[in-house]
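So the structure is just underneath, and the comments pick up after that.
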2 protein chains.
Amino acid sequence: MTANAIETHDVFQAIADPTRRKVLQLLVEKELPISEISSHFPMSRTAVAKHLRILSEANLVSSRKMGREKRYRLQPESFNELKQWLTYFERFWENKLSKLRYVVENDDEVTLDIHPKHDE
Amino acid sequence: MTANAIETHDVFQAIADPTRRKVLQLLVEKELPISEISSHFPMSRTAVAKHLRILSEANLVSSRKMGREKRYRLQPESFNELKQWLTYFERFWENKLSKLRYVVENDDEVTLDIHPKHDE
DNA sequence: TTGACATGCAACCAAATGGTTCTATATAAT
DNA sequence: ATTATATAGAACCATTTGGTTGCATGTCAA
């Protein structure tokens, strides 16, 4: 067992992977052992175990031993961290002054919300 | 989903990188050209350009030409997608029955079926 | 026209990521 | 006691990611 104190995974990193997001969704219903979780994926149990390790290090899930099983469950704390990060950006489209600035600096018919899309 | 652009990168992937998150924070204040953005980072302009491309493809930012500049700005749409994803998990710690289940299951198995369904 | 500025893009590279197989250990059941 | 179950982890591998340099293109200002 490597130390889990130092090796902390960034929560943004942790939710970047679609497999890990699906794992989180499975755990919304109830706590599950790794073998049960991995039965929902086309990959090996070892691969899922690595995903669970990353989720654990990001404090998105926690685990506890139940006999020979180890059950994983969601942990709210890092979800709150994500929510706070998002909240920071809400001022962009909720702040009237921001909207005003766009009008002033662009001196065109900007309505701030959805603009014509530019392709690359 | 309101995306009318081809979403090559998913938004979770896009916000996984700390540089890209910092870029988003810079753009909260006002729209900026790439040279101005990259002046805030120790990496090359090209590297920042790649990050901006990923953010664009995730519909987190958009851009428009202004003379010889290309200005980038935030786009709310994908932030909303993130918020919705988070909202899905809120019932985990806001739902009193979920909390109860954990208490009960500490002794043995009791299954309360109180979950809707949701898929990605 | 010339030069400086702002960006775009191809080619390349090291490290991180997401997967595999094989082996080992601990617990449960017969 | 033996066998089946549940997990842990090492070693390895291919692809993706995040960065670089060098060069090309477009625009503004003298």
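Note on naming: letters A, B, ... go to the chains in the order of the sequence lines (proteins, then strands), and numbering restarts at 1 for each one. Any value given below was found using the heavy atoms of this structure, including those in side chains, with hydrogens, waters and symmetry copies removed.
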Item to complete: To the nearest Å, give me how far apart CE (B/M66) and C1' (C/dC5) are.
Response: 16 Å
Worksheet item: When the distance from CD1 of A/I34 to P of D/dT5 is rounded to whole Å, what number comes out?
Response: 17 Å
Worksheet item: Could you state the interatomic distance from OG (B/S39) to CD1 (B/I34), rounded to the nearest 0.5 Å?
Response: 11.0 Å
Worksheet item: Any N or O donor-acceptor pair linking the side chain of B/K65 to the base of C/dT7 at under 3.5 Å?
Response: no
Worksheet item: Counting just side-chain N and O atoms, does B/Q13 come under 4.0 Å of either OP1 or OP2 of D/dT17?
Response: yes
Worksheet item: What nucleotide, of C/dA28, C/dC9, C/dG18, holds the atom closest to the side chain of A/H51?
Response: C/dG18
Discussion item. So, OP1 or OP2 of C/dT20: does either fall under 4.0 Å of a side-chain N or O from A/S44?
Written reply: yes
Worksheet, complete the sentence: Rounded to whole Å, CZ of A/F41 lies from P of C/dG18 at a distance of 13 Å
Discussion item. Closest approach to the side chain of B/S35, judged atom by atom: which nucleotide of C/dA6, D/dA6, D/dG18 is it?
Written reply: C/dA6
Worksheet item: Would a distance-only check, ignoring hydrogens and angles, find a side-chain to backbone donor-acceptor pair under 3.5 Å from B/R71 to B/P33?
Response: no
Fill in: B/S78 and its side chain to side chain contact (heavy atoms under 4.5 Å, CB included) partner, picked from B/D10, B/N59, B/V61
B/N59
Practice prompt. Using atom types as modelled and distance alone, determine if a side-chain donor or acceptor of A/R20 lies under 3.5 Å from a backbone N or O of A/Q13.
Written response: yes
Item to complete: Report yes if a side-chain nitrogen or oxygen of A/K70 is closer than 4.0 Å to either non-bridging phosphate oxygen (OP1 or OP2) of D/dA8; otherwise report no.
Response: yes
Item to complete: Round to the nearest Å and state the distance from B/R53 atom CZ to D/dT17 atom P.
Response: 14 Å
Discussion item. Classify A/E36 by what it touches in the nucleic acid, base, sugar-phosphate, or nothing, heavy-atom distance under 4.0 Å.
Written reply: nothing
Discussion item. What is the distance, to the nearest angstrom, from the CG atom on A/D10 to the C1' atom on C/dT17?
Written reply: 15 Å
Worksheet item: D/dT20 P sits how many Å from B/M43 CE, rounded?
Response: 7 Å
Worksheet, complete the sentence: Among D/dG18, C/dG19, D/dT20, the one nearest any side-chain atom of A/T19 is C/dG19
Worksheet item: Between A/I54 and B/E69, who's closer to the 5' end of DNA chain C by nearest nucleotide?
Response: B/E69
Worksheet item: Is there a side-chain contact between B/L26 and B/F41 (heavy atoms, below 4.5 Å)?
Response: yes
Fill in: Between D/dT17 (C1') and B/E57 (CD): distance, integer Å
14 Å
Worksheet item: Between A/L52 (CG) and D/dG9 (C1'), how many Å, whole number?
Response: 15 Å
Fill in: Toward the 5' end of DNA chain C, by each residue's nearest nucleotide, A/G67 or A/A47
A/A47
Response to the item:
The nucleotide from D/dA8, C/dG8, C/dT17 with an atom nearest the side chain of A/R45 is D/dA8
Practice prompt. Would you mind telling me which of C/dG19, C/dA6, D/dA6 lies closest to the side-chain atoms of A/R68?
Written response: D/dA6
